[in-house]
Amino acid sequence: MAKLLSDAVPPAAISYLTGELIDDHHSLLRHIETHLSEAPQGRCNYLIVDEVTYIRDWDMGAKYGADAGMLEDTVLVVTGSDLSFMQEARMRFPGRRGGAAVSDFHLHPLSFREFVALEGNVVDVESYLREPSAMPDETVDFIYDAFDRYLLHGGYLTAINDLAAHGAIGQSVLATYSDWIRGDVLKRGKQEAYLREVLSAIVSRYTSQVTWNGLAQDLSIDHPRTVADYVELLERMDAVAVLPAIREDKLGPAPKKAKKLTFCDPFILHAVRAWLEPRSDPYNDQILPLSRDPVWSSQMVEACVTNHFRRFFPTYYIKAQGEVDIAYVRDGRFWPVEIKWTNQLRPKSLKQIARYGNGEIWSKSRHMGEIDGVKVLPLPIELLRVGRGDYGAA
């Protein structure tokens, strides 16, 4: 809306509605008619419906409006937090989605690169990303400090602002996001007790290999399919990420192999843990110790990097004689990346990545190097490069 106003679109041509206050498609149509009757005539108008999935049969209302010619000169933008719900509904609009080359947008939390840009330092950093070895020490220090903060607040602006203002993230901010997850799951007829068990299982097995059968055996949920249903719903909400093993000959998922489960953003992990293990203090004391724990910090970093790759490439992990954390597909082949957020690299733990001629190790080290013929790269600097449009280009 700010962009439209800056482009001299009259305020009367822009309307914003929240689906949380609209019951069904009949009410939606009445709102559309009111907007159009009050909007300027003879020009393009804009109608934004936020959280459209709260509106019962909203797609029927939108389809009727399009078929009746009500939206002839109107851009209708709808948003929702359940990806599959939106995908299913949009299939009912063939030929009714205008002439734009792109009409679907997937809005992620800020990437690490976008967070650095938000702080206003990306221009200085940008000049060194093609030649990281020439990066000054103070710039490297800034990037590593920014990455430490990113592991606390992730890409969510409310958490970013709270940490900047108070040096900690408040329980109320954490609760906002755990309440979103609980609310969206419960309104789809799921049970809160089962949700708590599934989330607890994801936390306790973070970045580990799991199967639906294995998870179900450890929970009170009787059937593996029920566990899978809850995880799939959380995945559609962009709360949970499911990482399959790669089938190397097909460059696709190996469906019979175990999967890895993580949260899509570091802050979602913190919000879920705050719900599972509530504290009484207004500013949570769980997050900072977690980020400094060697095991947990390593798991958080692995999940963070994996989910950055998932935004841009088909992404898997390698399960062979050994394991490799990431295998992303580009240019008709897969590229292995091993994440080692530790102070020491032991050759014994790098045997599998050393089997691939194009493998890389992303490490805590602030300098580029090599071990057993495998490139060792500074992880936060490489993570900035993933967000570049030319990442991976020859």
Side-chain angles (χ1 to χ4, degrees), residues 111-113 115-116 121 125 128-129 131-154 163 167-168 203-209 243 260 262-263 265-267 269-270 273 285-309 317-318 321-328 335-356 358-387:
S111 67
F112 178 52
R113 175 181 175 78
F115 165 62
V116 171
N121 292 283
V125 170
Y128 296 107
L129 287 182
E131 291 291 339
S133 59
M135 191 176 290
D137 289 343
E138 58 268 24
T139 304
V140 175
D141 291 342
F142 161 74
I143 293 172
Y144 273 72
D145 289 345
F147 186 61
D148 285 343
R149 295 196 300 278
Y150 188 80
L151 293 177
L152 301 179
H153 55 53
L163 186 65
V203 171
S204 65
R205 296 161 178 81
Y206 212 56
T207 71
S208 299
Q209 298 177 26
L243 187 70
K260 290 186 175 185
T262 65
F263 295 104
D265 184 272
F267 183 67
L269 168 66
H270 301 315
R273 289 188 76 251
D285 62 356
Q286 295 169 286
I287 297 178
L288 197 57
L290 188 74
S291 69
R292 291 176 176 170
D293 178 270
V295 175
W296 261 112
S297 63
S298 184
Q299 292 172 331
M300 285 194 295
V301 170
E302 179 186 331
C304 178
V305 176
T306 299
N307 284 298
H308 272 64
F309 271 108
Y317 79 97
I318 295 174
Q321 290 142 326
E323 179 187 314
V324 176
D325 297 321
I326 296 169
Y328 68 97
W335 302 76
V337 178
E338 181 70 15
I339 306 301
K340 289 297 180 187
W341 196 247
T342 58
N343 293 323
Q344 283 187 317
L345 295 179
R346 295 181 172 85
K348 183 179 178 181
S349 64
L350 303 174
K351 287 184 177 180
Q352 188 63 37
I353 189 71
R355 296 175 187 272
Y356 303 99
N358 62 336
E360 295 177 347
I361 300 167
W362 289 15
S363 81
K364 203 172 189 177
S365 170
R366 299 184 178 222
H367 304 285
M368 300 173 64
E370 187 176 295
I371 184 169
D372 284 353
V374 183
K375 287 191 294 185
V376 180
L377 304 171
L379 186 148
I381 295 173
E382 289 303 304
L383 193 60
L384 281 176
R385 296 182 64 243
V386 173

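- Taking every heavy atom of both residues into account, Cys304 and Tyr150 meet most closely at SG-CE2, 3.6 Å.
- The two atoms that bring Pro336 and Asn358 nearest to each other are CD-OD1, 3.3 Å, heavy atoms only.
- To the nearest 0.5 Å, atoms CD1 (Ile353) and CD1 (Ile371) are separated by 12.0 Å.
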Is there a side chain to side chain contact (heavy atoms under 4.5 Å, CB included) between Lys364 and Thr342 once you walk through the steps? CA-CA 6 Å; Lys364 203 172 189 177; Thr342 58; over 6 Å; no
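- At distances below 3.5 Å, at least one donor-acceptor pair connects side-chain atoms of His308 with backbone N or O atoms of Phe112.
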For Ile361 and Lys375: C-alpha separation, side-chain torsions, deciding distance, then whether side chain to side chain contact (heavy atoms under 4.5 Å, CB included) applies. CA-CA 6 Å; Ile361 300 167; Lys375 287 191 294 185; over 6 Å; no
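- Between the OG atom in Ser298 and the CD1 atom in Ile339 there is a gap of 9.0 Å [rounded to 0.5 Å].
- Every residue two or more places apart in sequence or in another chain that forms a salt bridge (Lys or Arg N to Asp or Glu O under 4.0 Å) with Lys260 is listed here: Glu302, Glu323, Asp325.
- Considering all non-hydrogen atoms of both residues, Val374 and Ala354 come closest at CG2-CA, 3.7 Å.
- Within the 3.5 Å criterion, the main-chain N or O of Asp293 finds a donor-acceptor partner in the side chain of Ser297.
- Counting only heavy atoms from C-beta outward, the side chains of Trp341 and Leu379 approach each other to under 4.5 Å.
- Contact of the Val305 side chain with the Glu382 side chain is not registered, since no non-hydrogen atoms from C-beta on lie closer than 4.5 Å.
- No side-chain heavy atom of Val324 sits less than 4.5 Å from a side-chain heavy atom of Tyr317.
- Taking both residues in full, the closest heavy atoms of Asp141 and Arg366 are given as OD1-NH1, 2.5 Å, listed atom of the first, atom of the second, then distance.
- Under the side chain to side chain contact (heavy atoms under 4.5 Å, CB included) criterion, Arg149 pairs with Phe115, Glu119, Phe142, Asp145, Ala146, His153, Leu163, sequence neighbours left out.
- With sequence neighbours left out, Glu370 forms a side chain to side chain contact (heavy atoms under 4.5 Å, CB included) with no residue at all.
- Closest heavy-atom contact between Leu152 and His270: O-CD2, 3.0 Å.
- Put simply, the side chain of Arg113 does not reach to within 4.5 Å of the side chain of Leu383, judged on heavy atoms.
- Phe309 and Trp362 have their aromatic ring centers within a separation under 6.0 angstrom.
- Residues passing the side chain to side chain contact (heavy atoms under 4.5 Å, CB included) test with Ala303 are Tyr206, Thr207, Thr262, Asn307, sequence neighbours excluded.
- Residues satisfying the side chain to side chain contact (heavy atoms under 4.5 Å, CB included) test with Asp372, not counting sequence neighbours, are Pro347.
- The side chain to side chain donor-acceptor pair (under 3.5 Å) search around Gln344 returns Arg346, not counting sequence neighbours.
- For the atom pair Leu243 CG and Ile326 CD1, the distance stands at 8.0 Å (nearest 0.5 Å).
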Go through Phe147 and Val301 one step at a time and tell me if the side chain to side chain contact (heavy atoms under 4.5 Å, CB included) criterion holds. CA-CA 10 Å; Phe147 186 61; Val301 170; 3.9 Å; yes
Verdict with supporting geometry, Ile143 and Val116, side chain to side chain contact (heavy atoms under 4.5 Å, CB included): CA-CA 8 Å; Ile143 293 172; Val116 171; 5.9 Å; no
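- Pairing each heavy atom of Met368 with each of Leu377, the nearest pair is CE-CD2, 3.6 Å.
- Residues Glu360 and Glu338 fail the side-chain proximity criterion, which asks for heavy atoms closer than 4.5 Å.
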